[in-house]
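The structure displayed is predicted, hence computed values, not measured ones. To find a chain, count down the sequence lines: A is the first, B the second, and so on, and within it residues start at 1.
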Number of protein chains: 2
Amino acid sequence: MALRAEKKHTTRQALIRAAHDLFLAQGYDGVTVDRIAEVAGVSKRTFFRYFPSKLDVAFPHHEERLRHFEGLLARHLDPEDPLRGVARAVAAYVGFYQEAREDLLAEYAYVATSRELRARDADLDWQFETAITAALERVGTPPRRARILGGLVFGACRGLLFDWFSGGCRGDLHRLARELLDLLEDLARSRDPQAVGGPAAGARGPARRGRAPRTGGRDA
Amino acid sequence: MALRAEKKHTTRQALIRAAHDLFLAQGYDGVTVDRIAEVAGVSKRTFFRYFPSKLDVAFPHHEERLRHFEGLLARHLDPEDPLRGVARAVAAYVGFYQEAREDLLAEYAYVATSRELRARDADLDWQFETAITAALERVGTPPRRARILGGLVFGACRGLLFDWFSGGCRGDLHRLARELLDLLEDLARSRDPQAVGGPAAGARGPARRGRAPRTGGRDA
DNA sequence: GACAACTTGTCACCGGGTGTCAATGCCGGA
DNA sequence: TCCGGCATTGACACCCGGTGACAAGTTGTC
């Protein structure tokens, strides 16, 4: 029962490889599933037996990475200081990106070629955010707070990562992550009224400042 | 030249209405474009002359709302305190959601029925986040910092909104937004070392704590 | 009323995605 | 070694989202 499994693995790798190369050369939208299958030496029908959709072949390691991250969360989470636990897990996870720079850069290039792909990427990100939220809840953070904190932390990190990708993955991610922390502290400091001193007219009560954004697309 | 425009508007509304009702009744994936067109009394080809894709008919007011938000950002942005400006813009924008509760709730229900729809929603959200980032940059915030702050603020708000939707849009959004601010201040306060006192072993220097998360899907 | 401009429906086609079925190849047991 | 069972595959037909082309019908204008 070994030859079977090996063949499956080989075929899967061939499909991923073919898709990757073609996407890189012609962009996601410029490649048909038929073509991917042809290059990999199988039929279109077989492609869909390995991947539920064309989108999925573009993110072949997502599942595995998500699980890895969830594991790190579980391992590092600290009931005494949930956010610190999340930060530790993230710090442990970031190495992934630092090492896979070149590959990531290539992938990033073709993810940007298709709106569909970008949208799926965002959906996958949402799963990571949800993992953080779930971890926070598991350790006692009330649901709403967990959602907000998860969004906040993840949003900031996604921003950083986006910038890092956009700049060609230059610079040490760990250092950048530390900078992000500094920025958060900056923020914390500037929340203290007397640290601002701007000419703004508004009420100068204890602290309170802005409100809360949103956005989103839905309609009636 | 008035009858033409009016007819177009009528048809557009009919398509939106038909799509909305059908999505609500059968879920996004359970509805075909043919069926939407049939209910609206036109041909499938005509549907695609009004909306570039089936996805777009699910978010018919996105463009308009995004522009509205961008306008608010431009109006409220304060070079002396960029974040406060963003907060003001968001506060002004939130009324939208508060008032359209029932409609939003219905839409939320069917957005959740389809992964494609959720992904598109995330993509639209990204445009709002980018609007914030751009506004921050326009007022002098360096690019990376702007990206991170945009992601942070937007992420937190999205978390809040998600929770609000999930809970059936109960509660006053403005109050919730204020709560979000409190939470941020909480965070700021707890960044101050002596406020924690947990059993954690780590170095106790000036302040520094965690690192920085990320996640995301890409692969090799 | 006639002609131009615009809008619409029909038809044919492409690509993603799925069900069905028959053929092939792998595996285990006798 | 041969045989039967099972998994994998290819071929085919089909559905749905989306587009180009063209002909027919409307609307607006002179």
Which pairs would a plain distance check flag for residues 133-141 of chain A, meaning a side-chain donor or acceptor within less than 3.5 Å of a matching protein atom at least two apart in sequence or in another chain?
| from | atom 1 | to | atom 2 | distance (Å) |
| --- | --- | --- | --- | --- |
| A:T133 | OG1 | A:E129 | O | 3.1 |
| A:T141 | OG1 | A:L136 | O | 3.0 |

Check: Is there a donor in the side chain of A:S53 and an acceptor in the side chain of A:D56, or the other way round, less than 3.5 Å apart?
Finding: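 A:S53 vs A:D56: donor-acceptor pair found between side chains.
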
base_contact_polar ([N] base, [X] side chain, donor-acceptor, <3.5 Å):
| X | N | result |
| --- | --- | --- |
| A:R35 | C:dG15 | no |
| B:K44 | C:dG9 | no |
| B:R49 | D:dG18 | no |

To the nearest angstrom, how far is [X] atom [atom1] from [N] atom [atom2]?
| X | N | atom1 | atom2 | result |
| --- | --- | --- | --- | --- |
| A:E6 | C:dC27 | CD | C1' | 15 Å |
| A:E116 | C:dG17 | CD | C1' | 12 Å |
| A:R115 | D:dG17 | CZ | C1' | 16 Å |
| A:E38 | C:dG15 | CD | P | 12 Å |
| B:F51 | D:dC16 | CZ | P | 21 Å |

Name the closest nucleotide to the [X] side chain, picking from [options].
| X | options | answer |
| --- | --- | --- |
| B:R4 | D:dT27, D:dG10, D:dG18 | D:dT27 |
| A:K54 | D:dT9, D:dG17, C:dG16 | C:dG16 |
| A:F48 | C:dT8, D:dG17, C:dG17 | C:dG17 |

I'd like a table of donor-acceptor pairs (distance under 3.5 Å, sequence neighbours excluded) in which one partner is a side-chain atom from residues 41-51 of chain B, with atom names and distances.
| from | atom 1 | to | atom 2 | distance (Å) |
| --- | --- | --- | --- | --- |
| B:S43 | OG | B:T46 | N | 3.3 |
| B:S43 | OG | B:T46 | OG1 | 3.3 |

Checklist line | Strand-adjacent residues in residues 22-32 of chain B, judged by heavy atoms under 4.0 Å from DNA chain D | finding: B:V31, B:T32

Margin query: Students often get this wrong, so: under 4.0 angstrom with heavy atoms, is B:Y50 touching a base, only sugar-phosphate, or nothing?
Written below: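 It contacts sugar-phosphate atoms only.
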
Check: How would you label the contact of B:K8 with the nucleic acid (heavy atoms, under 4.0 Å): base, sugar-phosphate, or nothing?
Finding: sugar-phosphate

Next item on the list: Look at A:S43 and D:dA11 and indicate whether a side-chain polar atom (N or O) is within less than 4.0 Å of OP1 or OP2.
Entry: no

Check: Should the pair A:H68 and A:F96 be assigned to parallel (<30°), tilted (30 to 60°) or perpendicular (>60°) ring geometry?
Finding: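 Plane angle between 30° and 60°, so tilted.
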
Margin query: Once you measure the plane-to-plane angle for A:Y93 and A:F128, does it fall in the parallel (<30°), tilted (30-60°) or perpendicular (>60°) bin?
Written below: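 Ring orientation of A:Y93 relative to A:F128: tilted.
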
Margin query: Closest-nucleotide mapping onto DNA chain D: is B:K7 or B:P52 further toward the 5' terminus? I mean the 5' end.
Written below: B:P52

Check: Which residue lies toward the 5' end of DNA chain C, B:F47 or A:R45, if each is placed at its nearest nucleotide?
Finding: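 Its nearest nucleotide lies further toward 5', so the answer is B:F47.
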
Margin query: Can you see whether A:Y28 has A:K54 sitting over its ring - NZ or CZ less than 6.0 Å from the centre and within 45° of the normal?
Written below: yes

Next item on the list: For atom CZ of B:R170, decide whether the heavy atoms of other residues, nucleotides or ligands shown that lie under 6.0 angstrom number more than 12.
Entry: no

